[in-house]
Engineer: 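After the structure tokens below, expect a handful of questions from me.
Residue numbers start from 1 in every chain, and the chains themselves are labelled A, B, ... in the order their sequence lines are given, proteins ahead of strands. Not measured: the values here are computed from a predicted model.
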There are 2 protein chains.
Amino acid sequence: MHEALTIGQLSARSGVAPSALRYYERLGLIRSERTGGNQRRYARTELRRVAFIRISQQVGVSLEEIREALDSLPSSRTPTPDDWAALSRSWRDRLDEKIRLLGKLRDDLDGCIGCGCLSLQRCTLYNPDDSLAAEGPGARLMLPRPDPDPAPA
Amino acid sequence: MHEALTIGQLSARSGVAPSALRYYERLGLIRSERTGGNQRRYARTELRRVAFIRISQQVGVSLEEIREALDSLPSSRTPTPDDWAALSRSWRDRLDEKIRLLGKLRDDLDGCIGCGCLSLQRCTLYNPDDSLAAEGPGARLMLPRPDPDPAPA
DNA sequence: CTCGGAGTTGAAGCGCACTTCAACTCAAGG
DNA sequence: CCTTGAGTTGAAGTGCGCTTCAACTCCGAG
């Protein structure tokens, strides 16, 4: 059958480097069978998983969260289009929120360009309550120090 | 004069950790004078720089690019509101583009949820030409392998 | 003068998402 | 059989944006 893909084939078809695919597999995002000679063979459904992974990354979701999402797929049967649609929908909100925050940032930036302020205290731009931050990787704790110890008692 | 801020004061006012401020200074994003005892003293204008840095990060700009932008500020005179406005405007386009790409991703995601495809070949979602990727840090080469050697000659 | 909190440095570590490397095996063609 | 290209592994490296640490100094109040 034309079912099984080698890692090279999966890489070519998905545009994801073999090293990345092995990395995803170690993290449990995709799965493979092994041949007698210990080589990976991927079912075609893994292509869809890889696609979902890359799309999710564009939405700004970490691999760990993507793994959790993928874990919620039915393991017994092959996921249906509906299953995938449900997963995609779960990112919709995040995407919407992300777009909303960026839009707000843009409007605020326009406002601040108008007034030329860029002053930290009042400017809505510098309001940690909207945690748009903590989005890209890197050591965490982007803006979260809004609370420099409010005196215990 | 009430001009000079210690690193602790700048940290408290900007919400940025002292370690991060020292890091920014090493990268040349902010500047300080030194006291006789080798301690940093920041002019109040540095507050504005720090604000600009954090805002720029939210737009998705790297520290290196922020440094370049800040380098374009007039070094002789204290930057005016107009100077800052010009810098902010330079991020506007990036922000717009980012929002546009995310919006496209959302629309495509809706489309793909509708058809349930998520198939790599045709799906507009997985089109490397729109390089929304390469945005967060991490080892590079996000989607760029669209060209698996088109036969030389 | 003494004390403690704030500051200084360079070096190392961290988290994420990978890539690169060395050393090896596997699989198919000539 | 031999070669070549594709695959295997674990360990280490990379880039970004920091934080943490150890060991030290500075500075102001008591």
Engineer: When the C1' atoms of the five terminal pairs at each end define the local axes, what inter-axis angle does the helix from dC1(C)-dG30(D) to dG30(C)-dC1(D) show, to 10 degrees?
Structural biologist: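 The end axes of the helix from dC1(C)-dG30(D) to dG30(C)-dC1(D) are about 20° apart, to the nearest 10°.
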
Engineer: Go through the structure and list residues passing side-chain contact (heavy atoms from CB on, under 4.5 Å) with Glu65(A), not counting sequence neighbours.
Structural biologist: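 Glu65(A): side-chain contact (heavy atoms from CB on, under 4.5 Å) contacts with Val61(A), Ser62(A), Arg94(A).
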
Engineer: With nearest nucleotide decided by heavy atoms, which residue, Gly36(A) or Tyr23(A), maps closer to the 5′ end of DNA chain C?
Structural biologist: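 First, find each residue's nearest nucleotide; the 5'-ward one identifies Tyr23(A).
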
Engineer: Restricting to salt bridge (Lys or Arg N to Asp or Glu O under 4.0 Å), what partner residues turn up for Glu68(A), sequence neighbours left out?
Structural biologist: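 Counting only residues at least two positions away or on another chain, Glu68(A) forms no salt bridge (Lys or Arg N to Asp or Glu O under 4.0 Å).
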
Engineer: Can you list everything that forms a salt bridge (Lys or Arg N to Asp or Glu O under 4.0 Å) with Asp83(B)? Sequence neighbours excluded, please.
Structural biologist: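 Only Arg77(B) meet the salt bridge (Lys or Arg N to Asp or Glu O under 4.0 Å) criterion with Asp83(B).
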
Engineer: Which pair of non-hydrogen atoms, one from Ser88(B) and one from Phe52(B), has the smallest distance, and what is that distance?
Structural biologist: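 Minimum heavy-atom separation between Ser88(B) and Phe52(B): N-CE1, 4.2 Å.
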
Engineer: With a cut-off of less than 4.0 Å, is there a side-chain N or O of Thr35(B) near OP1 or OP2 of dC27(D)?
Structural biologist: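 Checking Thr35(B) against dC27(D): at least one side-chain N or O falls below 4.0 Å of OP1 or OP2.
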
Engineer: Which residues pass the side-chain hydrogen bond (donor to acceptor under 3.5 Å, both in side chains) test with Tyr23(A), not counting sequence neighbours?
Structural biologist: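 For Tyr23(A), no residue satisfies side-chain hydrogen bond (donor to acceptor under 3.5 Å, both in side chains) once neighbours in sequence are set aside.
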
Engineer: Measure from the side chain of Gln57(A), starting at C-beta and using heavy atoms only, and say which of dG17(D), dT19(C), dC18(C) lies closest.
Structural biologist: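 My answer, after comparing the listed nucleotides, is dC18(C).
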
Engineer: Output yes when Arg100(A) and Asp96(A) qualify as a salt bridge under the 4.0 Å nitrogen-oxygen rule, no when they do not.
Structural biologist: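 Result for this pair is no, no salt bridge flagged.
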
Engineer: Consider side-chain contact (heavy atoms from CB on, under 4.5 Å). Of Leu5(A), Leu21(A), Thr6(A), which one does Ser11(A) pass it with?
Structural biologist: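 Only match with Ser11(A) under side-chain contact (heavy atoms from CB on, under 4.5 Å): Leu21(A).
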
Engineer: Could you state the CG-P distance from Leu63(A) to dT19(C), rounded to the nearest angstrom?
Structural biologist: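 From Leu63(A) CG to dT19(C) P: 11 Å.
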
Engineer: With a 4.0 Å cut-off, would you call Arg22(B) and Glu25(B) a salt bridge?
Structural biologist: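 No, this pair does not count.
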
Engineer: If a protein heavy atom is under 4.0 Å from the base, mark B; if only from the sugar-phosphate, S; if neither, -; do that for nucleotides 4-10 of chain C going 5' to 3'.
Structural biologist: ---SBB-

Engineer: Distance check needed: dA6(D) P versus Leu21(A) CG, whole Å only.
Structural biologist: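 Checked: the CG to P distance equals 16 Å.
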
Engineer: Starting from C1' on dC18(D), measure out to CD on Glu25(B) and report it in whole angstrom.
Structural biologist: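 For the pair Glu25(B) CD and dC18(D) C1', the rounded distance is 16 Å.
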
Engineer: So, OP1 or OP2 of dG17(D): does either fall under 4.0 Å of a side-chain N or O from Tyr24(B)?
Structural biologist: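 False: Tyr24(B) side-chain N/O out of range (4.0 Å or more) of dG17(D) OP1/OP2.
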
Engineer: Ala20(A) has a side chain; which of dG17(D), dT19(D), dC18(C) sits nearest to it?
Structural biologist: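 Of the candidates, dC18(C) comes closest.
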
